[in-house]
Number of protein chains: 2
Amino acid sequence: MYEQLKLDNQVCFRLYTASRLVTQAYRPLLEPLGLTYPQYIVLLALWEKDNQLVGELGQRLMLDTNTLTPILQRMERNGLIVRTRGIADGRQTLVSLTRDGVHLEERAKDIPACLTRTWQGEPMPNEQIAGFIGMLDSMINNLKK
Amino acid sequence: MYEQLKLDNQVCFRLYTASRLVTQAYRPLLEPLGLTYPQYIVLLALWEKDNQLVGELGQRLMLDTNTLTPILQRMERNGLIVRTRGIADGRQTLVSLTRDGVHLEERAKDIPACLTRTWQGEPMPNEQIAGFIGMLDSMINNLKK
DNA sequence: TAACAATATATCGTGTACGACATAATCCGT
DNA sequence: ACGGATTATGTCGTACACGATATATTGTTA
């Protein structure tokens, strides 16, 4: 068989697998908060800056509205956000945190450290982490449209 | 807000995004072959070693049967594989390539190089790629059950 | 200013992911 | 040899992803 088609030579397969396993690792931490991972990153974006348009959120999270809208609908149903139509421009939808959505930040604050411990095992040198992040950022940069 | 909750400080969000963008980059290359990315990695595994049990494939790809079975059913419907029940052990299902499934390898052989060019942009030093792969492998190792 | 292009968001259909549960075949101790 | 535990796979329900399309507003131009 072609050497380049072997699974062990595939960077992308590792990326795909690592991403899935990380999302699985989030599950037990997010479930008590009633969140999925995509819902969690929507909240991360909103905790940084409340009252964002669907399009702004989409740019920040690199998700299109066909993915984002259903997530936002569930989050609204669960009382974490509200969506307000047409303030200046009637086409836009503004996404805002409810009191519940705001309060969840406090309960989420230890999740990042916990997850880092899980995937890192033994703490790694910062330089190595920085190299990893740099590679991911460069990949994302090369792939985004 | 908590510094550790900022999106820019999240390794996992980058991983999730990079993985999604990579899968998107595969799409135009796989679509002419009538494949999705998960179907493609099933073929990678079968091109390496034909006639594998569902469980073996699952271990190799780190996917459980509840994900794998529907994928295999579609691939069987599309004539790429056949599933044979109960050879020695009546509980097992053996997955084998059809002639079409075998022939697809030829048409797929340039995909890895093409994708590497896409996400890498300027070719990177091998050492850097090796470090990246090492990090992903260590992550996968720490996260797998 | 009426028609038409452009924009922002939503809907729809297909294909994953994955926890929970179901089913069927084998194993194992008595 | 038989009944319960174990194992291999499949089914079901929910929630993403995402291409394609639809809908509703706003801009724009003749």
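Letters go in sequence order (proteins before strands), and every chain restarts at 1.
Shown here are the side chain to side chain donor-acceptor pair (under 3.5 Å) partners of A:Gln24, two or more places apart in sequence or in another chain: B:Lys145. The side chain to side chain donor-acceptor pair (under 3.5 Å) test applied to A:Asp8 returns B:Arg60, not counting sequence neighbours.
Residues from residues 7-45 of chain A with heavy atoms under 4.0 angstrom of DNA chain C, sorted by number: A:Tyr16, A:Arg20, A:Gln24, A:Arg27. The stretch residues 55-69 of chain A touches DNA chain C through A:Gly55, A:Thr65, A:Asn66, A:Thr69, each having a heavy atom within less than 4.0 Å of the strand. DNA chain D lies under 4.0 Å from at least one heavy atom of each of the following residues of residues 76-83 of chain B: B:Arg83.
Side-chain atoms of B:Arg14 come within 3.5 Å of backbone N or O of B:Gln10 as a donor-acceptor pair. Between the side chain of A:Asp50 and the backbone N or O of A:Leu46, no donor-acceptor pair lies under 3.5 Å. Looking only at distances, a side-chain donor or acceptor of B:Thr116 sits under 3.5 Å from a matching main-chain atom of B:Pro112. With B:Gln4 contributing its side chain and A:Lys109 its backbone, the two residues share a donor-acceptor pair below 3.5 Å. Listed for the B:Arg91 side chain is no donor-acceptor partner under 3.5 Å among the backbone atoms of B:Gly86. Between the side chain of A:Asn142 and the backbone N or O of A:Ser138, at least one donor-acceptor pair lies under 3.5 Å.
Remark on DNA chain D: of its neighbouring residues A:Arg74 and B:Gln73, the 5'-side contact belongs to B:Gln73, judged by nearest-heavy-atom nucleotide. Residue A:Leu53 is the one, among A:Leu53 and B:Asp89, whose nearest nucleotide of DNA chain C lies closer to the 5' end (criterion: closest heavy atom).
Under the 6.0 Å distance and 45° angle rule, A:Arg20 counts as a cation-pi partner of A:Tyr16.
Test A:Arg85, A:Arg83, A:Gln52 against A:Thr93 for side chain to side chain donor-acceptor pair (under 3.5 Å) and you get one pass: A:Arg85.
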Candidate pair B:Ser96 and B:Asn51, rule side-chain hydrogen bond (donor to acceptor under 3.5 Å, both in side chains), full reasoning:
CA-CA 4 Å; B:Ser96 313; B:Asn51 304 306; 2.7 Å; yes
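Nucleotides of DNA chain C lying under 4.0 Å from heavy atoms of chain B occupy a range whose first and last members, 5' to 3', are C:dG15 to C:dT26.
By the 6.0 Å contact criterion, CD on A:Gln73 is enclosed, its count of non-hydrogen atoms from other residues, nucleotides or ligands being greater than 12.
Residues B:Leu15 and A:Phe132 form a side-chain contact, since some pair of their non-hydrogen atoms from C-beta on lies under 4.5 Å apart.
If you measure from atom CG of B:Leu72 to atom C1' of D:dT9, you get 11 Å, rounded to the nearest angstrom.
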